[in-house]
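Since the structure comes first, as structure tokens, the remarks are kept for the end.
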Amino acid sequence: MVRTWKSYLAFTSSGYRILGLAVLPVLLLALTVSQGMEAAGAVVVCFEILADFWLFSGILKKETGSMEYLKTSIYGTDIIKKGLVADCIRRFVYLGILSFAGYLSNGRLGSFTAGLSVYLTVMVLLNVSRHLSGFMIHLPVSYVGLIIYCILMKFISGTAAVVIMSLLAVIVSIVTVWYAMYCVKGSYYEKRYDESV
Amino acid sequence: MEVNYAIEASLHKSYSKFELNIPRLMVPKGFATALIGENGAGKTTLLNILAGIRLDYQGKITYLGRYSDRQREELSEVKEKIGYTGPGGYYLPQWKIAQVAQISELLFSTFRKECFDMWCRQLAIGGDGAANKRISSLSDGNREKLMIAGVLSRDTEILLMDEPASPLDPLMRERLCEIIRDYLLEDEGERSVFFSTHNIADMEDVTDYAIIMANGQIAEAGFVEDLKEKYVYVRGEAEDIPQAKKTLFRISSGKYGFEGVCLAKKLEQLAGCDISLETPSLSQISVAVMEHSRNMERQG
Amino acid sequence: MKITQNSGEPIYHQIASQFKNDILAGKYAQGEYLPSIRRLAKDLKISVITTMKAYEELAGEGLVTAVQGKGFYVNAQDSEMLKEQHLRKVEASLTEAIAAAEIAGLTDAELMDILQTLLAMKEEE
């Protein structure tokens, strides 16, 4: 367990820990309490997708010319896996906290739908943004995230939705980590000839 | 002279346009071995395979006389003993130098942060506030130094370095040679260094064993002192150029005469010519062998 | 220890010669270990194989003995062998001098003169 969190933290810099894990999350919590989860969720979607740039951007690249340092250790892929798992848990727990805070402040069940919508939107889109490195990719992806979130919020509601989305959240998390492992392990095998031989 | 091997391998890998074909690779233990070849000769592919970064190949590898490449993937101790530096991305560009240390602690059980910090200071990586510098903001030279600092902060027995001298300035290249000598000295005879270069002149003073690669194959290999007896550098007169062209591996000729490298045992073919002989440098031998290889390839 | 890179004489041979002189001059005790090949390579800033070859040359001449895992130690040098080694050196140097004198067109008498002058100069030191 300790190693899982250590792996996650290794992907964070000291600046990120202050801003991304403390200051901004607290601010967003305040926003949720004042405006409700449904509204705050839109901001959280963008925040989560953009913040991921400093953590796992470029991790799903298939070419052999990246992250060699991790590959020179037998624990390399394991650390990535643990980091991603910790990331899923952190995100789920954080959104849970936000949802509860929203629910407590305005009593609407929609808080939980919102929280789960954020989770699903972000998780699916991160699988896209992590394929490329560069902050510029995360911006358009976060816009897409915003749109998807709004669509979800418009059409989905009710207790049944919450249950289904919770299940989906678990499935999407598992698939995300599995897919990441698939990409990382695949990068040990290069099918095309690259010039830097 | 009794020689043990740090690495022995037999490897094969084909792409659509290129083939790596090495029936027997031997890297002696306790010495610094240079892998010499032009860009495109297959050096990076070979080092990637040996470091365990690339798994798509046929053949087998034996490390330190006792670990197979299968064991390298199963036992943690094999990769712990190997320190690799290379020209690819290597790190995630968004990492800060401080994170490199944290990640290293998770990756390698013998990594020591105090050692890493000392090396970062000694090699002047990033200057003040280095710990907060991002990888993407480092120059190629600083990144190379960082990789070197990383492998030197662990207990390893083999260093695999892909073109370590290329991004470094001349002063730092000499420092690298010093670092290699210190590394070999530390555990007298138990440690080995295997580095690649496309310009051997920079690293000639530290090279004990040379492997010259061309077109995905090993064209020549041997201890430097032995190679310097196998080949000889010949200078002669213009009138003997036709005869010289048949004997020499590589020849440059003009109206004042010719000079080039040839096999010592072929010297008798130049008997009667007015020639002077010199011990060739490793650089001259490499260029001659590589060019000869290219000509052979062309004739097919 | 001084080595010249481009003198035409292989570096390992230069090293071996200088160690040989020191050993024959008695600078090393019998049984004393020479610096390790890697230590010497570091100090001289050359490759390990060069120092190794130098030591192997010394071993070949019977001046040192190799011990697996420990290095090379100096053999006992008896004074007869010492004398013989130096005698051969004198002969070689004089042969060289004679050849040079011939090229310069000196007569035997002129050559003898030079030798006596040099000996006299050495006496004064």
Side-chain angles (χ1 to χ4, degrees), chain A residues 2-18 20 51-61 63-83 130 132-135 138 184-197, chain B residues 14-18 20 39-46 48 51-57 72-80 82-109 111 131-132 134 136 147 150-151 160 162 216:
Chain A
V2 175
R3 205 169 157 85
T4 304
W5 290 107
K6 265 193 164 168
S7 302
Y8 177 71
L9 287 175
F11 282 96
T12 62
S13 65
S14 51
Y16 182 89
R17 287 177 210 177
I18 297 173
D52 189 70
F53 164 72
W54 281 280
L55 290 178
F56 298 112
S57 176
I59 234 170
L60 299 181
K61 281 184 158 178
E63 59 205 46
T64 46
S66 70
M67 300 195 303
E68 286 99 331
Y69 191 41
L70 294 168
K71 293 184 203 162
T72 58
S73 162
I74 203 169
Y75 303 117
T77 45
D78 189 52
I79 290 186
I80 297 175
K81 183 173 176 185
K82 290 194 156 73
R130 284 171 179 169
L132 306 124
S133 41
F135 190 70
H138 287 251
V184 172
K185 290 194 177 132
S187 70
Y188 282 81
Y189 301 82
E190 183 58 62
K191 292 295 183 315
R192 65 186 166 84
Y193 171 60
D194 70 65
E195 280 304 318
S196 64
V197 188
Chain B
S14 16
Y15 298 94
S16 54
K17 289 186 199 156
F18 177 83
L20 188 77
N39 291 323
K43 309 191 297 289
T44 295
T45 308
L46 176 58
N48 283 349
I53 297 172
R54 203 157 212 166
L55 295 174
D56 46 350
Y57 61 91
R72 180 196 66 210
E73 296 303 307
E74 290 163 10
L75 305 169
S76 66
E77 63 202 69
V78 189
K79 278 190 166 179
E80 287 274 1
I82 302 174
Y84 167 82
T85 73
Y90 201 79
Y91 301 113
L92 282 177
Q94 63 264 34
W95 285 345
K96 292 194 174 166
I97 292 182
Q99 287 175 263
V100 171
Q102 285 165 25
I103 288 166
S104 304
E105 278 172 347
L106 293 169
L107 291 173
F108 300 106
S109 61
F111 178 83
N132 258 330
R134 281 195 199 279
S136 51
M147 293 192 279
V151 295
L160 295 175
D162 193 346

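Chain letters run A, B, ... following the sequence lines, proteins first and then strands; every chain starts at 1. Since the structure is predicted, the reported quantities are computational estimates derived from the model, not experimental observations.
- Judged by distance alone, with hydrogens and angles left aside, the side-chain atoms of B/Lys79 form a donor-acceptor pair with the main-chain N or O of A/Lys71 at under 3.5 Å.
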request  = Tell me, with the steps shown, if A/Tyr16 and B/Lys96 meet side chain to side chain contact (heavy atoms under 4.5 Å, CB included).
outcome  = CA-CA 11 Å; A/Tyr16 182 89; B/Lys96 292 194 174 166; over 6 Å; no
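- Counting only distance, with no hydrogens or angles, the side chain of B/Arg72 and the backbone of A/Ile74 share no donor-acceptor pair below 3.5 Å.
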ask   = For B/Ser109 and A/Tyr75, what are the C-alpha separation, side-chain angles and deciding distance, and is it a side chain to side chain donor-acceptor pair (under 3.5 Å)?
value = CA-CA 10 Å; B/Ser109 61; A/Tyr75 303 117; over 6 Å; no
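- The contact between B/Asn132 and chain A is made entirely by side chain atoms (from C-beta outward), counting heavy-atom distances below 4.5 Å.
- The distance from the OG atom of A/Ser187 to the CG atom of B/Leu55 is 9.0 Å, given to the nearest 0.5 Å.
- Contact between A/Glu68 and B/Tyr90 at its shortest, heavy atoms only, is OE1-N, 2.6 Å.
- Proximity to chain B (any heavy atom under 4.5 Å) is shown, for A/Phe135, by neither the backbone nor the side chain.
- Proximity to chain B (any heavy atom under 4.5 Å) is shown, for A/Ser7, by both the backbone and the side chain.
- Taking both residues in full, the closest heavy atoms of B/Gln99 and A/Ser13 are given as OE1-CB, 3.3 Å, listed atom of the first, atom of the second, then distance.
- Contact between B/Asp56 and A/Tyr188 at its shortest, heavy atoms only, is OD1-O, 3.6 Å.
- Comparing B/Ile103, B/Val151, B/Leu75 by how many heavy-atom pairs each has under 4.5 Å with chain A, the most go to B/Ile103.
- The distance from atom CD of B/Gln94 to atom OG1 of A/Thr12, rounded to the nearest 0.5 Å, is 11.5 Å.
- Using a 4.5 Å cut-off between heavy atoms, B/Leu160 does not touch chain A at all.
- Heavy atoms closer than 4.5 Å to chain B are found in both the backbone and the side chain of A/Leu70.
- For B/Ser104, the parts lying under 4.5 angstrom from a heavy atom of chain A are both the backbone and the side chain.
- Using bins of under 30°, 30° to 60° and over 60° for the plane-to-plane angle, the ring pair A/Tyr69/B/Tyr91 lands in the perpendicular bin.
- B/Leu92 approaches A/Ser57 most closely through the heavy-atom pair CD2-O, 3.8 Å.
- Interface remark: of the candidates B/Phe108, B/Tyr57, B/Trp95, B/Phe108 forms the most heavy-atom pairs closer than 4.5 Å to chain A.
- Heavy atoms of B/Glu105 lying under 4.5 Å from chain A are absent altogether.
- Nearest heavy atom pair, residue A/Gly76 against residue B/Leu107, reads CA-CD2, 3.6 Å.
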task = List the steps, then state whether side chain to side chain contact (heavy atoms under 4.5 Å, CB included) holds for B/Ile82 with A/Thr72.
result = CA-CA 8 Å; B/Ile82 302 174; A/Thr72 58; over 6 Å; no
